[in-house]
Colleague: 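The structure is given below, and queries will be raised subsequently.
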Protein chains: 2
Amino acid sequence: MEKINIRKLASILNISVATISKAMRDSHEISDATKKRVWDAARKYNYTPNPYASSLRRKKSKTIAVILPEVADNFFSLAINGIQAVAEAKGYHVLIYLTHESFELERTFVEDCCSGRVDGLLISITSETQTPDHIAKLQKENIPIVFFDREFEQITAPKVVTNDYDCGYQSAKLLVQRGCKNIRFLSISESLPICTKRAQGFLDAMAETVKNFGEEEAIYYCNGNNEQTRDHITKLLLSRPKVDGIVASVERLAIQVYLACQELKIKIPRNLRVIAFSTVETAPILNPSLSTVTQPAFDIGKSAAEILFTLMAGKDYGYHKKPVMIPSQIIERDSTK
Amino acid sequence: MEKINIRKLASILNISVATISKAMRDSHEISDATKKRVWDAARKYNYTPNPYASSLRRKKSKTIAVILPEVADNFFSLAINGIQAVAEAKGYHVLIYLTHESFELERTFVEDCCSGRVDGLLISITSETQTPDHIAKLQKENIPIVFFDREFEQITAPKVVTNDYDCGYQSAKLLVQRGCKNIRFLSISESLPICTKRAQGFLDAMAETVKNFGEEEAIYYCNGNNEQTRDHITKLLLSRPKVDGIVASVERLAIQVYLACQELKIKIPRNLRVIAFSTVETAPILNPSLSTVTQPAFDIGKSAAEILFTLMAGKDYGYHKKPVMIPSQIIERDSTK
DNA sequence: ATGAAAGCGCTAACAC
DNA sequence: GTGTTAGCGCTTTCAT
């Protein structure tokens with residue numbers, strides 16, 4: 001059996017290709033009887049319109065791309081769930097690209113999205129991203145783009161974020177209130193807004209609360225893979241005067257803090273209080289249970305996708321004017337008690 | 001500035017479209033000087049060949065699909081990382097479809113992969129999947145397919161799995177050795193080979209070790225969402241005679257067991273020993289640390305993708321004859337001590 | 001080394 | 001309500 005296509009099906013049914021095409025898309029121009037004939041034959045001969053021929057002709061791909069740092073992180077997993085839920089409802093396909101924090105890869109992937117491969121793009125940038133050119137290029141091609149969580153400040157585009165500053169602020173306040181004297185904010189980037197904003201909230205709270213607060217040491221940067229990060233954190237925990245409070249700006253760091261403490265036999269919360277921006281499911285059953293700034297990851301993904309679809313529909317509700325903010329929730333557990 | 005395409009670029013450069021096409025793909029037919037002219041112009045005018053026009057003409061999409069139950073599960077996240085690593089190296093694009101254990105969705109997604117949308121498919125089936133017709137259809141279209149982890153027994157195709165039977169067997173032995181008298185195997189499906197094989201290994205070990213072992217009660221099925229699962233597990237933990245050992249066949253169940261125990265104030269491992277098939281990163285820092293059958297998730301994904309690419313290259317190394325098996329590692333931690 | 005032209009499978013404008 | 005046909009942007013013979 002040869003590969004079926006619209007022309008073969010047309011000749012089998014003695015109908016024109018135009019009629020088939022319209023019937024397949026359930027056009028009102030076609031009679032119900034003909035539609036039924038076409039659908040039945042399509043099923044019988046296993047005919048599905050070639051999506052790329054269709055994309056070429058209609059200049060729509062029915063596909064969106066999601067570019068993000070990684071998937072093995074509960075925040076991003078949940079965000080993908082949200083995105084997928086919307087895409088699926090719209091009959092759209094989702095291309096996933098993982099940058100693993102490499103700017104080079106991010107640029108390559110963004111460029112891959114040009115020339116009609118996708119109708120829209122959702123992106124959470126890498127911790128390395130400093131230049132906006134690759135994104136600007138995409139915008140010049142009129143491909144809608146929506147940032148979620150990790151946005152890029154210099155670019156004007158719709159963005160879906162959480163209340164990073166506030167949460168940084170409240171995290172610091174909580175630790176101070178619990179008696180911490182020497183607190184560090186663990187960051188993964190000097191440029192990512194999620195980090196700088198959370199850090200700024202943290203710093204402002206500290207400056208308000210602690211006299212002679214020394215900003216310069218309060219932010220501790222952790223780059224590299226998990227092992228490097230753990231070593232780096234171990235160094236911090238061994239330094240004097242003893243650090244007694246930590247705000248982890250992302251999930252990954254919190255886990256490394258716990259592992260380092262386990263090795264060093266540092267008791268949480270007795271010797272060290274920890275709170276983390278995290279959606280990790282196991283937070284309540286960790287040893288000890290982890291206080292978290294729980295981000296609405298699913299809703300951030302969902303909302304970003306919904307905005308992207310309105311943009312792709314050619315509508316503009318002014319989303320680019322101001323980031324959409326979905327608040328996080330601070331859940332205190334044993335790690336800060 | 002109008003949308004660029006090969007014809008416009010050709011007329012700008014006073015070169016034929018054929019030459020442009022060949023130059024863009026670095027054909028040996030084209031002189032270096034011409035190639036350089038073309039590449040420079042392509043950069044200057046932001047020209048990228050339309051991928052769908054190319055796909056239509058060449059009948060290759062440079063895209064693979066991954067269909068899996070969910071992404072918010074460390075096993076699948078890691079598998080996706082492995083898959084993506086291979087795809088990226090080959091310059092391929094990855095479409096992701098999440099079934100959330102719905103067979104209907106799985107069928108829809110598989111059908112979406114027909115008609116040249118993808119060059120190949122990686123799939124981990126839902127716990128509901130019982131009929132192979134949707135997959136068979138794809139095979140009839142000669143689209144290569146590779147199963148990873150959750151395979152479908154009735155279909156002949158390459159499969160990448162782990163040593164499920166052995167690990168089920170050893171898990172049971174471990175719990176017996178640690179003194180458990182009343183052990184349950186928590187399963188999510190009566191048909192999924194990963195469950196039935198793990199269960200069979202478990203049952204065989206139990207039958208060997210325990211006199212008058214009652215098979216009928218030993219497997220406990222958990223379906224539904226997390227809350228339903230937790231309620232169901234709570235019921236089990238409250239029943240008499242007291243269950244004192246649990247093998248969780250998937251990660252998700254282990255977390256629910258911990259949460260149920262927390263609520264019921266059941267002490268692990270004193271009152272209940274737990275071991276789980278899981279790759280969860282937080283296993284060592286749970287309260288108590290969780291003994292796991294740690295699956296080589298990244299390698300399973302990577303290996304499945306590699307096999308898919310050999311198939312798409314038209315090679316056949318007989319992978320379909322026998323599943324590729326990558327062994328898991330049992331790591332005992334405090335939850336079974 | 002370069003170019004002309006056919007055609008991948010589909011859609012949409014237009015004719016009937 | 002159905003059919004004819006041009007052409008989406010590219011690749012690939014086949015000529016030159």
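Numbered from 1 within each chain, the chains take letters A, B, ... in sequence-line order.
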Colleague: Five pairs per end, C1' atoms only: what is the angle between the end axes of the helix from C/dA1-D/dT16 to C/dC16-D/dG1, to 10 degrees?
Modeller: 30°
Colleague: Specify the separation, in whole Å, of atom NE2 of B/His28 and atom C1' of C/dT2.
Modeller: 13 Å
Colleague: Taking the six-membered ring of A/Tyr45, is NZ or CZ of A/Lys8 closer than 6.0 Å to its centre and within 45° of its axis?
Modeller: no
Colleague: Between B/Asp112 and B/Arg117, does any NZ, NE, NH1 or NH2 come within less than 4.0 Å of an OD or OE carboxylate oxygen?
Modeller: no
Colleague: Figure out the NZ/C1' separation between B/Lys35 and C/dT2, and round it to whole Å.
Modeller: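 Checked: the NZ to C1' distance equals 13 Å.
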Colleague: For A/Asp26 and C/dT11, give me the distance from atom CG to atom P, rounded to whole Å.
Modeller: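 Spelled out: CG on A/Asp26 to P on C/dT11 is 14 Å.
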Colleague: Can we say A/Glu153 and A/Lys159 salt-bridge, meaning some charged N sits less than 4.0 Å from an Asp/Glu carboxylate O?
Modeller: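 So A/Glu153 does not pair with A/Lys159 through a salt bridge.
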Colleague: In plain terms, say whether A/Lys62 and A/Asp119 are close enough for a salt bridge, that is, a side-chain N and a carboxylate O under 4.0 Å apart.
Modeller: no
Colleague: Going through the checks in order, is the side-chain contact (heavy atoms from CB on, under 4.5 Å) test met by A/Leu68 and A/Phe148?
Modeller: CA-CA 9 Å; A/Leu68 37 62; A/Phe148 66 100; 4.0 Å; yes
Colleague: Whole-Å distance between C/dT11 P and A/Ile30 CD1?
Modeller: 12 Å
Colleague: Round to a whole Å and report the spacing from CG of A/Asp32 to P of D/dG1.
Modeller: 8 Å
Colleague: For nucleotides 3-10 of chain D, read 5' to 3', which letter fits each nucleotide if B means a protein heavy atom sits under 4.0 Å from the base, S means only the sugar-phosphate is that close, and - means neither?
Modeller: BBBBBBBB
Colleague: What nucleic acid atoms does B/Thr34 come within less than 4.0 Å of, heavy atoms only: base, sugar-phosphate, or nothing?
Modeller: sugar-phosphate
Colleague: Please table the atom pairs, donor to acceptor, closer than 3.5 Å between any side-chain atom in residues 296-303 of chain A and protein atoms at least two apart or in another chain.
Modeller:
none

Colleague: Can a side chain N or O of A/Ser55 be found less than 4.0 Å away from OP1 or OP2 on C/dC10?
Modeller: no
Colleague: Indicate yes or no for a side-chain donor-acceptor contact from B/Thr131 to the backbone of B/Asp133 under 3.5 Å, with no hydrogens or angles considered.
Modeller: no
Colleague: Is it the case that the ring center of B/Phe103 lies less than 6.0 angstrom away from the ring center of B/His134?
Modeller: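 Yes, the ring of B/His134 comes within the 6.0 Å limit of the ring of B/Phe103, centre to centre.
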